[in-house]
Amino acid sequence: MSSGSNGMERLAVVILNWNGEGFLQRFLPGVADCSTGKYAPPGCEVTVVVADNASTDGSVRWLEETCAGTDGGPVRVIAFDRNYGFTGGYNRALAHPSLAGFDYYLLLNSDVEVTPGWLVPLVETMRADGRVGAAMPKLHAYGRDGYFEYAGACGGFIDMLGYPFCRGRIFGTLEKDDGQYDTAREIFWASGAAMLVRADLWHAFGGLDEAFFAHMEEIDLCWRLHRSGYKVMVCPASQVNHVGGGALPATSPRKTYLNFRNNLAMLYKNLPGAAFAGVYFVRFWADSLQALLWLCTGKRSFAGAVVRGHRDFWRRMRPRLVRRPGKEGYALPAKQVLYRGSVALRYLVGKRKFGNMM
C-alpha cells in the first residue's frame with residue numbers, strides 16, 4: 001500500500017553508525033547516489049538516514065558539515081545520546097517520528113558499498129508476493145575479487161542444532177561467486193548487514209530483541225516472521241559489497257561471546273520447550289569441545305568466551321527473553337530453509353559448500 005501523499009511508496013535506507021566516520025566518508029555518497037533519483041525503484045521515494053549511536057570520532061560533525069542535515073537534507077541524521085547497540089539503535093531509529101509512514105526499511109551497515117539500482121530487485125520481490133516479510137541482496141566481500149562475504153553471502157540457513165550458515169559460506173570457508181547461487185529463493189535468515197523489511201511488520205513484531213544487543217538478532221527476527229507465516233527471500237540480482245567486522249572484528253573474543261550466547265537465546269525463544277532441551281544437551285557438549293580445542297591451542301580468551309556465553313545466557317539473558325508463539329507456535333523452520341542434520345559434522349568431513357548441504 002502506498003503511503004506517500006503523491007501515491008508513491010516510501011523506503012528509508014537506515015545506516016546505524018558508531019565511530020564509523022571512515023566508512024561513511026568512503027561509502028555513504030555511493031549509497032545516496034545509487035539508491036535515489038534514477039536508481040530508485042519505480043514508484044518509490046527513497047530517503048537515506050544515518051542513525052548515530054553517540055559516536056566520538058567526529059561522524060556527526062562530518063555528516064552535518066559535508067552531506068547531511070537534521071532538517072531533511074540529502075541524508076538525514078538521527079543522533080542518539082549513547083550507544084544503544086545494534087538492536088537498540090535500530091529500534092530507536094525506526095521509531096523516530098521522522099520515519100513514520102514509510103512502507104519499507106532497509107537496514108544497512110556503514111561498511112557496505114552498494115551498486116546502482118540495488119534496491120529495485122528487493123522492492124520488486126516484496127511487491128510480487130505480500131507474504132515476503134524480509135529480503136536481502138547478495139553479499140560480496142569488499143576487495144576480494146568476487147568472493148562471497150561472511151555476514152550473509154547469498155542467503156542464510158541454520159541446521160538442526162541452530163548453527164547458521166549461508167549459500168556461499170560454511171563457517172569460515174567462503175566460496176567464489178561463479179553464479180552458482182544466482183536464483184532467487186526462500187531462505188531462513190537475511191543478513192542484518194543489508195536487509196529490507198516491511199515497515200508494518202517491523203512495528204508489529206517489535207523490531208529487534210534488545211536483549212541480544214548485537215549478533216543473531218536478525219536471525220531471531222526472521223524466525224519470528226517464519227513462525228507467523230511470512231517468507232524471507234534472497235535476491236541475487238541485487239548485489240552489495242561488505243567490508244565486514246567494521247564495528248567488531250571476527251577475531252574478537254567479544255564477538256565469539258555474543259555469538260554463542262545469542263545463538264542459545266534465539267533457540268530458546270523460538271523452539272518448543274522439549275526441542276530446546278534436546279538441542280541444548282547436544283550443544284552444551286559440542287560447544288564445550290570447541291572451547292577445549294581453543295584452550296589446547298592457546299586461545300584461552302576464545303575458550304572463556306564460550307563458557308561465559310553459556311553462563312550468561314542462563315544467569316542474565318534468559319530471564320529477559322520473551323517467548324511469544326506465532327501463528328505456527330514454537331516450531332522448527334520449514335524444511336526448505338532448515339538443514340536437517342549437523343552442518344558442523346559435514347564441515348569436519350570436508351563438505352564445505354552449500355551445494356553439499358542442501
Side-chain angles (χ1 to χ4, degrees), residues 11-37 39 46-96 98-99 105-116 118-119 136-137 139-144 149-152 191-196 207-208 210 212-215 217-218 239-255 258:
L11 186 156
V13 176
V14 184
I15 299 170
L16 186 66
N17 175 67
W18 181 67
N19 290 340
E21 181 180 0
F23 289 131
L24 292 176
Q25 292 179 2
R26 192 189 318 177
F27 298 126
L28 182 58
V31 173
D33 291 343
C34 295
S35 307
T36 60
Y39 292 121
V46 178
T47 302
V48 179
V49 180
V50 176
D52 186 80
N53 254 334
S55 294
T56 58
D57 67 345
S59 294
V60 174
R61 182 179 65 251
W62 178 82
L63 286 165
E64 293 175 342
E65 293 177 352
T66 307
C67 63
T70 56
D71 57 353
V75 177
R76 297 183 187 177
V77 178
I78 301 172
F80 298 134
D81 59 338
R82 63 182 178 89
N83 183 2
Y84 290 98
F86 188 88
T87 55
Y90 266 119
N91 284 348
R92 283 159 180 77
L94 301 188
H96 195 271
S98 66
L99 293 183
Y105 299 131
L106 192 295
L107 282 62
L108 185 69
N109 280 15
S110 62
D111 60 344
V112 171
E113 176 188 61
V114 304
T115 54
W118 68 295
L119 291 174
M136 66 168 282
L139 269 66
H140 274 189
Y142 181 82
R144 280 211 63 196
E149 202 276 323
Y150 181 91
S191 172
M195 177 174 67
L196 182 69
L208 302 172
E210 295 190 27
F212 285 67
F213 188 77
H215 297 295
E217 67 288 318
E218 75 267 48
Q239 179 191 318
V240 301
N241 305 308
H242 184 211
V243 174
L248 199 57
T251 55
S252 165
R254 170 68 173 169
K255 188 166 189 173
L258 289 171

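- Between Val75 and Ala32, the shortest heavy-atom distance links the atoms CG2-CB, 4.5 Å.
- A heavy-atom distance below 4.5 Å is not found between the side chains of Leu196 and Leu119.
- Residues meeting the ring-ring contact (aromatic ring centres under 6.0 Å, His included) test with Phe212, sequence neighbours left out: none.
- Ring geometry for Phe86 versus Tyr90: interplanar angle over 60°, hence perpendicular rather than tilted (30 to 60°).
- Taking the ring-ring contact (aromatic ring centres under 6.0 Å, His included) definition, one finds that Phe213 meets it with nothing, sequence neighbours left out.
- Ring-centre distance between Phe27 and Tyr142: below the 6.0 Å cut-off.
- With hydrogens and angles disregarded, no donor-acceptor distance shorter than 3.5 Å links the side chain of Gln25 to the backbone of Phe23.
- Rounded to the nearest 0.5 Å, atoms OG (Ser110) and NE2 (His242) are 8.0 Å apart.
- The backbone N or O of Gly20 sits less than 3.5 Å from a side-chain atom of Asn17, completing a donor-acceptor pair.
- The main-chain N or O of Ala54 is never found under 3.5 Å from a side-chain atom of Asp81 such that the two would form a donor-acceptor pair.
- Judged as a side-chain hydrogen bond (donor to acceptor under 3.5 Å, both in side chains), and not counting sequence neighbours, the contacts of Gln239 are His140, Asn241.
- For the residue pair Ile78 and Ser98, the shortest heavy atom distance occurs at CD1-OG, 4.0 Å.
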**Message:** Quick one, Val48 with Leu28, criterion side-chain contact (heavy atoms from CB on, under 4.5 Å). Give me CA distance, side-chain angles, the key distance, then yes/no.
**Reply:** CA-CA 9 Å; Val48 179; Leu28 182 58; 4.0 Å; yes

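- Glu21 CD to Arg61 CZ: the interatomic distance, rounded to the nearest 0.5 Å, is 6.5 Å.
- By the ring-ring contact (aromatic ring centres under 6.0 Å, His included) test, Tyr150 is found to be paired with no residue, residues two or more places apart in sequence or in another chain being considered.
- Smallest separation of non-hydrogen atoms from Pro137 and Ala194: CD-O, 3.1 Å.
- Scanning for side-chain contact (heavy atoms from CB on, under 4.5 Å) contacts around Ala93 gives Val14, Ala51, Phe80, with sequence neighbours left out.
- Checking side-chain atoms of Ser252 against main-chain N and O of Arg254 turns up a donor-acceptor pair under 3.5 Å.
- Residues Ser191 and Leu139 share a closest heavy-atom pair of OG-CD2, 3.9 Å.
- With Asn53 contributing its side chain and Trp18 its backbone, the two residues share no donor-acceptor pair below 3.5 Å.
- Applying the salt bridge (charged side-chain N to carboxylate O under 4.0 Å, His left out) test to Glu210 and every residue at least two apart in sequence or in another chain returns Arg92.
- Scanning all heavy atoms of the two residues, the minimum distance from Asp111 to Gly244 falls at OD2-N, 3.0 Å.
- The CG atom of Leu107 sits 5.5 Å away from the CG atom of Leu94 when rounded to the nearest 0.5 Å.
- Summarising the geometry of Asp57 relative to Asn19, their closest heavy-atom pair is OD2-C, 2.8 Å, with the distance given to 0.1 Å.
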**side-chain contact (heavy atoms from CB on, under 4.5 Å) between Ile15 and Val112, intermediate numbers included** = CA-CA 10 Å; Ile15 299 170; Val112 171; over 6 Å; no

**Item:** Worked verdict on Leu63 versus Asp52 for side-chain contact (heavy atoms from CB on, under 4.5 Å)
**Value:** CA-CA 10 Å; Leu63 286 165; Asp52 186 80; 5.5 Å; no

